[in-house]
Structure formats: structure tokens, C-alpha cells
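In what follows, a structure is listed as C-alpha cells, so that the remarks can point back to it.
Each chain gets a letter, A, B and so on, in the order its sequence line appears, and its residues count up from 1.
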Protein chains: 2
Amino acid sequence: MTTGDAPNAGRGNSSDHVRRHNLSVILGLVHRTRGVSRSQLTRQTGLNRSTIATLVAELVERELVLEIEPDASNQVGRPSPVVVPSRLVAGIAINPELDAIVVGLVGLGGNVIRRIRTATDHSPSVQEAVVIAAAAIEQLRPDLAEHRLVGVGIAVPGLVRAEDGVIRLAPHLGWVDEPIAAMVETATSVPTRAANDAQLGTMAESIFGAGRGVTDLIYVNGGASGIGGGIIAGGEPIGGGAGYAGELGHTLVNSDGLPCHCGATGCLDTEVRRERLLALVGLSDADDDALEAALLAAPSPVVIAEVHRQLDYLAVALRTAINILNPELIVLGGFLASLYAVAPDYLDRLLATQPLAASRESVRVVRAQLGSNLLMIGAAELAFEGLLADPASW
Amino acid sequence: MTTGDAPNAGRGNSSDHVRRHNLSVILGLVHRTRGVSRSQLTRQTGLNRSTIATLVAELVERELVLEIEPDASNQVGRPSPVVVPSRLVAGIAINPELDAIVVGLVGLGGNVIRRIRTATDHSPSVQEAVVIAAAAIEQLRPDLAEHRLVGVGIAVPGLVRAEDGVIRLAPHLGWVDEPIAAMVETATSVPTRAANDAQLGTMAESIFGAGRGVTDLIYVNGGASGIGGGIIAGGEPIGGGAGYAGELGHTLVNSDGLPCHCGATGCLDTEVRRERLLALVGLSDADDDALEAALLAAPSPVVIAEVHRQLDYLAVALRTAINILNPELIVLGGFLASLYAVAPDYLDRLLATQPLAASRESVRVVRAQLGSNLLMIGAAELAFEGLLADPASW
DNA sequence: GGTGATTTGTTGTACCGTAGAACATATTAG
DNA sequence: CTAATATGTTCTACGGTACAACAAATCACC
């Protein structure tokens with residue numbers, strides 16, 4: 001017996017598509033779980049175990065997955081082999097930052113194999129960033145020889161048009177209308193896609209991190225260059241018409257606030273800023289862990305006041321987002337997670353009163369789990385997307 | 001050749017599901033378009049024309065659709081019969097208002113066959129509303145005898161849990177935690193579902209109204225009891241975890257604003273209100289058309305000032321929503337459409353500066369098209385959902 | 001430590017649904 | 001009136017999954 005399957009759009013479905021779809025579902029499950037037994041696959045897909053056998057056999061044939069010895073499960077019955085992602089398959093993740101270009105080699109299952117951070121002494125141009133990324137990929141050549149490269153994904157701190165991977169605006173890098181995906185694809189000859197970094201972080205946390213198994217969540221990240229976010233609704237990442245969705249940082253939180261670079265005033269992004277925290281704890285430059293340690297170590301009244309002030313504004317933005325999207329989960333990343341770590345009860349109390357009662361009672365707040373690998377894993381999702389959609393074409 | 005088909009979740013797919021899916025796709029197209037030729041169906045679904053023939057034949061057999069004479073199309077080639085929704089199939093729509101219960105009989109294709117409005121002299125209890133609705137359905141009995149009733153849908157001015165159709169809060173009716181879907185289902189013995197009225201209006205406008213063919217839109221409605229809204233993202237209605245999504249009325253628009261019944265302060269819903277407009281044009285009670293006529297007829301400075309004030313706040317809420325969701329289209333309904341009719345340029349100018357540039361340049365604002373039938377059509381969508389998902393089971 | 005119960009892999013067959021080809025039919029263009 | 005074109009109709013082929021029967025590997029129990 002096979003259950004449910006609710007495909008979309010106005011498209012029909014033929015046997016060809018059934019095969020493609022089923023291969024895609026299975027490879028997707030193997031990817032997300034990093035290892036499932038064949039018997040679990042039969043249960044989760046609703047397909048017959050003979051069908052699972054042929055489908056898995058095709059994926060093994062194509063060297064996309066491996067079947068390994070069943071683990072001692074203390075279960076009655078014949079043990080079922082575990083299907084794991086092939087270690088051959090890999091994607092490249094690129095993340096340009098203000099002062100560095102990070103390039104990573106990521107295996108199926110979101111496993112970061114290697115990672116090269118190239119610091120830059122100035123904020124690079126897109127051309128420079130592409131050259132640096134290409135050089136880093138060159139460095140990876142020995143590793144690449146052992147892998148099958150299926151794509152490149154770029155996590156950009158700015159607005160990226162989903163359709164063609166053009167950066168419309170990366171304010172802190174000063175990039176405007178730059179076709180970064182096309183440029184990298186030209187340089188690497190590997191299919192390349194680009195998207196907003198926070199959206200990719202959202203996908204990563206949703207698949208491998210704090211949002212596993214949750215269909216409706218909001219991710220909000222606080223970084224050095226500001227606040228970004230992403231949305232998963234009904235289990236799907238929400239990109240909007242062009243790919244610019246998720247900009248929770250430009251929610252109004254203070255009518256009397258300062259003008260924001262976006263053109264409006266009183267945005268979350270203008271009120272809640274990392275620099276202010278750094279200044280208060282006497283750091284000029286620090287990573288998230290150091291900042292959080294300093295905040296927790298020095299709970300002076302001034303620090304607490306600022307933390308509360310920022311949480312007040314965060315709560316206002318979250319109230320709006322909760323009312324609009326009714327998420328089950330809010331995932332906080334970067335220094336927003338630190339703010340929450342310093343005063344969890346304070347934020348919880350605010351969120352227990354501001355949003356509509358029905359929506360607020362079912363929402364949980366947690367911190368992100370993937371840490372420094374977040375954007376590598378997220379960008380790699382973009383790289384894997386084509387493969388996961390149609391495993392048989394590879 | 002058949003193209004694309006991207007089903008969801010971790011479910012597999014077998015021949016049984018293919019058939020169900022294809023029937024569902026075709027009935028859905030016939031429903032949405034209110035009439036498609038078989039040749040159009042082959043093109044839009046990508047299925048072979050022999051397959052379309054058998055699928056349509058099954059739907060005809062089940063009396064869900066009819067094939068009618070092709071219309072003179074001036075096209076070369078053999079004319080293709082037009083597939084239209086069967087006039088037999090109908091759903092019941094229920095919409096409780098503050099001073100009336102509206103019940104309608106709606107045919108497949110969103111065609112409102114009959115509509116009964118039962119005025120109440122006081123704000124009814126849920127029990128009263130159900131009794132009144134049941135009585136109205138009784139009145140429809142002669143019509144019902146000629147139709148096949150596939151479901152009941154209820155559009156509730158409040159938060160409704162999607163799972164079981166329990167009203168969590170309908171503030172203006174004073175209803176809390178009322179299992180209205182179950183109550184109506186008991187009274188009618190017809191499968192019944194309930195949802196928020198603005199969400200259903202969103203679906204209706206998206207399928208039959210201003211949002212046809214648009215995959216990412218926001219609908220915002222201004223009614224006597226406040227502001228509601230709904231979201232379509234990636235072509236799908238967004239309900240959130242429990243079904244409470246779309247509450248754009250409780251976005252912060254004024255930090256110095258008044259407390260709102262929702263628990264927060266400065267909500268759009270507290271600043272932008274229909275009563276204020278009614279008072280300024282000297283009406284105590286008027287429908288949307290009368291209010292709009294009065295606003296357009298009497299553009300006194302005071303009226304213009306209030307219209308601008310309300311549009312200022314609406315723009316702030318839309319800016320936040322646009323930044324979060326990047327819609328292609330914003331559909332305004334109720335008195336919000338009237339505000340826009342009075343000063344379209346004013347709102348357009350605000351929206352041309354406040355949201356992020358990339359998002360604002362691709363968004364259009366239009367008014368809703370379905371008028372007084374909006375909620376009947378929307379609620380009927382709920383009634384039809386089961387049928388459209390699996391036509392063969394009926 | 002053997003035996004039965006249980007679960008799952010394996011193999012071969014049946015069935016279902018769609019695709020495709022060939023032919024029929026209805027329209028337009030000239 | 002004829003050719004071109006598009007679509008309906010019919011029949012056959014093919015692909016993919018389900019199912020049944022059997023084999024294999026584990027656990028539970030005595």
C-alpha cells in the first residue's frame with residue numbers, strides 16, 4: 001500500500017516522472033538523514049520493499065549512495081542494510097564575507113570535507129572575489145580528483161535574484177547587479193547557483209540543524225553586517241517572487257528610529273546591532289563565541305540594559321513575523337542567539353504577550369545548531385539541488 | 001513527452017497515485033479555468049492526448065465534468081471539445097458576520113448559485129449561528145436536490161485551527177475555542193472544514209480574481225471588524241503551523257500607538273479603521289461601495305488627511321510584509337481598496353521608497369475583484385478541497 | 001544451543017497507466 | 001474542392017510498481 005503524494009502545479013505525471021520522483025525522494029531522504037535503512041525507506045515512502053530495492057540499486061549503480069552493513073539494532077528480523085550518501089559526491093560552497101572569501105568542499109549529507117578561508121585586506125570587488133574563490137577551488141584540486149563535483153552554491157550577504165543568481169544588492173560589500181553565479185560558472189565550468197546567505201542558513205538549519213522535522217519556521221541571524229532571515233513554510237523555503245524574501249531585518253520596530261540604508265526608518269537592523277554590544281563589553285573585533293562569552297561574563301547593568309533594549313526590538317519584529325507566518329519554531333543565529341542566551345526569560349516573556357494568543361502559544365524559540373559550518377552546508381544545498389531533483393540525470 | 005512534476009514530502013509514488021494525481025490536476029484546471037479544451041489540457045499537463053481522453057472520460061463518467069461543443073475558434077484543425085465543471089457538483093459556503101449569517105450554494109468553478117443572508121438582531125453565539133446556517137441550508141433543499149453536495153466550508157472572522165476547524169478566537173463575535181466545523185458537520189452530515197475568512201478570500205482572489213496566475217501575493221482586507229490578510233507563496237496558500245498565518249493587521253506600524261485587543265500596541269488594526277472614515281464622511285453604517293462613493297465625492301481636506309494618515313500606516317505594514325515575503329502582487333480588499341482608490345499615487349509613492357529596492361520594484365498593487373461573492377467562493381474552495389485532491393473517491 | 005517467530009531481502013509475475021503510432025475527423029486556407 | 005493542420009480515437013507496447021512466494025538473518029524462549 002502506498003500513501004499520499006500531492007504533487008504541485010498543473011503538470012501531469014507519467015511513468016517516467018514516477019521513477020524520477022521516487023529516485024529523488026529516496027536520495028533526498030538519504031541526504032537529509034545521512035543514513036537510513038532500506039526498511040525505514042519502505043515505511044517512510046510507502047513504496048513496496050521490492051521497489052525500494054530496485055530504486056536503491058539504481059542509486060548504488062550511479063554511485064550516489066552506498067549500502068553498508070546494518071548496525072546491530074537489537075531488532076527481531078533480518079537486518080536491513082543502511083543506505084548512506086556516497087562519499088564520492090560533493091559540491092562546492094562559496095561564501096564571500098567582508099574580509100574573507102570562504103570556500104568549502106561539502107559532501108552529500110551536508111558533511112564539510114574541507115574548507116579554505118582566504119582573508120582579504122580590503123572589501124573585495126566581485127571580480128576579486130571570483131578570482132579568490134577560483135584559486136581556492138584550485139587548491140582543492142587534489143580533493144576534487146577523488147570526488148564527483150555536482151555543483152557550486154554561493155551564499156551571498158545580500159539580495160540575490162533566484163532565477164539567474166544575480167546579486168541585486170550586497171550593501172556591505174558594495175556590490176550592485178553583479179551576475180556572480182554566471183561569473184563563477186564561467187570560471188569553474190560547474191553548474192552554479194547563488195542565493196541570500198540567511199536563506200541558505202535557514203535551509204541548512206531546517207534540514208540538518210535546529211529545525212529538523214519542522215515544517216513552519218523562521219530563522220533570524222545577527223551578523224556583523226546586520227540582520228538577515230529566512231522562512232520555511234509548509235516545509236518549503238519561501239523565496240518570494242524573485243528570491244528576496246526573508247528580510248526580517250527591515251521590519252519596523254521603532255517609529256521614532258533612525259533612517260536605515262534601505263530607505264525606511266526604524267528597522268530592526270538599525271536598532272539591534274552587534275557593534276553596540278561589542279563596544280559595551282570593550283571588544284573591537286570578536287567572533288560570536290567571544291562576544292557571547294564576554295556578555296555572559298560581564299553582566300553589568302549597562303550591558304543588561306542594552307541586551308534588554310535589543311531584545312525588546314527583536315521581540316517586536318518577531319511579533320510581527322509570528323502574526324504573519326504562525327511558525328512553530330524561531331531559530332536564532334549569530335549574536336541574536338547570544339542575546340537570547342544572556343536573557344532567555346526576558347525574550348520569552350515578551351513573546352508570551354505580544355503576538356496573537358493562538359500563534360504565540362505554539363511557538364518555540366531555540367538557537368541555531370550548525371555554528372560555523374552553517375553557510376557551507378547551506379550553500380552546498382544549492383549545489384546539490386539539481387542532483388537531488390533528478391538523480392538519474394547524473 | 002511529459003514535463004515537470006515536483007511532488008512533495010518523503011512519499012513515494014505508484015501507479016495508483018499517478019492516476020489520482022492526474023485526475024486531480026485535470027479537475028483542478030477545469031475548476032480554476034471554468035472551461036478548458038482537451039487540447040489545452042494536453043499542452044498544460046504535458047500528458048498525451050490519448051491519456052487526456054481517458055482521464056476526462058473518467059471525470060465525465062463520474063459526472064464531475066461535462067464535455068461541450070467546441071466554440072468557434074477560427075483555428076485550423078479539428079475542434080477540441082471544451083471540458084467544463086459539471087453543474088451538478090456543489091459545495092456550501094457559510095460566513096458568519098457580526099449581524100448576519102450568510103450561506104451560499106456554490107458550484108464547481110466558483111459559481112455562486114444561490115445565497116441566503118439571515119440577519120441577526122444581536123451578535124450570535126456559535127450555537128445560534130449553526131442553527132441559523134442549518135435553517136438556511138434547509139431552505140436550499142430544493143436546489144440541493146439537483147446537486148451533489150461535496151462539502152461545507154466556513155469562512156470565520158477569526159483564528160481557526162486548520163487541523164480540526166476549531167475557532168480559537170473570533171474577537172468581534174466573542175467566540176473562543178468553538179469547534180464550529182464539527183458542529184456544522186454534525187448538523188449537516190456533510191464533510192465540513194473551517195478557516196479564517198481573509199485566508200479564504202486570498203485563495204478566492206488568487207484562483208478566480210485579481211491574483212490569477214500569480215504565485216506570490218499578499219491579500220489585505222479591511223472590514224468593519226478590522227484588518228485581515230492572507231499569503232500565497234510559491235503558488236501555495238500559507239497557513240503556518242496551525243493555520244493562523246496572514247494576520248497582517250497586527251503588524252507594528254506605530255510605536256507610540258494605542259494598545260490593541262491582541263495584547264500588543266500600535267498595530268495596523270488599531271490605526272487604520274473603517275469607523276474613522278465613516279465618521280468623517282458622516283455615515284453611520286454603509287457598505288463598502290457607499291463608503292467609497294462618499295470618500296470620492298467629498299474630498300475635503302479633513303477626509304484627505306485621514307486617508308493619507310491611514311495610507312501612511314498601511315504603507316508601513318506593507319513595507320514590512322514586502323520585505324519579509326517579496327510578493328509580486330498586493331491585493332487590497334474592502335475599505336483598504338477604497339483608500340487606494342481615493343489616493344492611489346500617494347500609496348504608490350510610499351511603496352516606491354520604503355521597502356528594499358529589489359523587492360519594491362517588482363511589486364504591483366491592485367484592488368480585489370470578487371466583491372461580495374469573495375467569501376462564498378473562498379469558503380467553497382474549502383468545501384471542494386477533498387474532491388479536487390482525489391476526484392476518483394467521489 | 002536449538003526452534004519458532006519475526007522481519008526483511010530476493011526473485012519472478014501480474015497489473016495498471018501512460019506513451020506512441022496509425023487512422024479518422026473536423027476545421028481553415030487557398 | 002483540395003491540401004494542410006490539428007485533434008479525436010483506437011490499439012498496442014512499454015515501463016514501473018505491487019504482490020506473492022521463498023530465502024535469509026536476527027531475536028526470544030525454553
Side-chain angles (χ1 to χ4, degrees), chain A residues 1-5 7 11-26 36-61 65-83 390-392, chain B residues 1-5 7 11-26 36-61 65-83 390-392:
Chain A
M1 204 159 323
T2 75
T3 23
D5 171 63
R11 314 253 49 163
N13 201 335
S14 69
S15 63
D16 232 28
H17 297 102
V18 173
R19 184 63 170 208
R20 171 153 54 226
H21 169 64
N22 286 344
L23 286 172
S24 167
V25 166
I26 290 176
V36 231
S37 74
R38 263 161 65 178
S39 67
Q40 285 173 304
L41 285 172
T42 63
R43 278 189 294 271
Q44 291 189 37
T45 60
L47 296 168
N48 189 281
R49 62 179 192 262
S50 62
T51 308
I52 292 291
T54 64
L55 290 166
V56 169
E58 176 163 352
L59 294 176
V60 170
E61 171 74 21
V65 304
L66 288 172
E67 288 193 289
I68 61 174
E69 288 298 297
D71 39 24
S73 58
N74 298 330
Q75 286 233 333
V76 190
R78 178 173 175 170
S80 192
V82 176
V83 185
D390 186 7
Chain B
M1 203 159 327
T2 73
T3 23
D5 171 64
R11 315 253 49 162
N13 200 335
S14 69
S15 64
D16 232 27
H17 297 100
V18 173
R19 183 65 168 205
R20 171 153 52 226
H21 169 64
N22 286 344
L23 287 172
S24 167
V25 166
I26 289 177
V36 233
S37 73
R38 261 160 66 177
S39 68
Q40 286 174 302
L41 286 172
T42 62
R43 278 190 295 270
Q44 290 189 38
T45 60
L47 295 168
N48 189 281
R49 61 178 193 262
S50 62
T51 308
I52 292 292
T54 63
L55 290 166
V56 170
E58 176 162 352
L59 294 176
V60 170
E61 171 74 20
V65 303
L66 287 174
E67 287 192 290
I68 63 174
E69 289 298 298
D71 39 24
S73 57
N74 299 330
Q75 285 231 336
V76 191
R78 179 173 177 170
S80 192
V82 175
V83 186
D390 186 6

>> Test of understanding: with side chain to side chain contact (heavy atoms under 4.5 Å, CB included), list the residues that count as partners of B:P79, not counting sequence neighbours.
In response: B:P70
> Taking only N and O in the side chain of A:S80, is any of them less than 4.0 Å away from OP1 or OP2 of C:dT8?
Replying inline: no
>> With a 4.0 Å cutoff (strictly under), does any side-chain N or O of B:R19 reach OP1 or OP2 of C:dT18?
In response: yes
> Is it true that a side-chain atom of B:S39 and a backbone atom of B:S80 form a donor plus acceptor pair closer than 3.5 Å?
Replying inline: no
> Do any N or O atoms from the side chain of A:S24 and from the backbone of A:R20 form a donor-acceptor pair under 3.5 angstrom?
Replying inline: no
> Picking from C:dT8, D:dG8, C:dT18, which would you name as closest to the side chain of A:R78?
Replying inline: C:dT8
> Under 4.0 angstrom, heavy atoms only, what part of the nucleic acid is B:S50 near: base, sugar-phosphate, or nothing?
Replying inline: base
> Hey, does B:P70 reach any base, or is it just sugar-phosphate, or nothing, if we go heavy atoms under 4.0 Å?
Replying inline: nothing
>> Can you tell me if B:R38 touches the phosphate of D:dG8, counting only side-chain N or O atoms and a distance under 4.0 Å to OP1 or OP2?
In response: yes
>> Based on the rotation axes of five pairs at each end, what angle does the helix from C:dG1-D:dC30 to C:dG30-D:dC1 bend through, to 10°?
In response: 20°
>> Measuring to OP1 and OP2 of D:dT7, would you say a side-chain N or O of B:R43 lies under 4.0 angstrom away?
In response: yes
> Which residues pass the side chain to side chain contact (heavy atoms under 4.5 Å, CB included) test with B:V76, sequence neighbours left out?
Replying inline: none
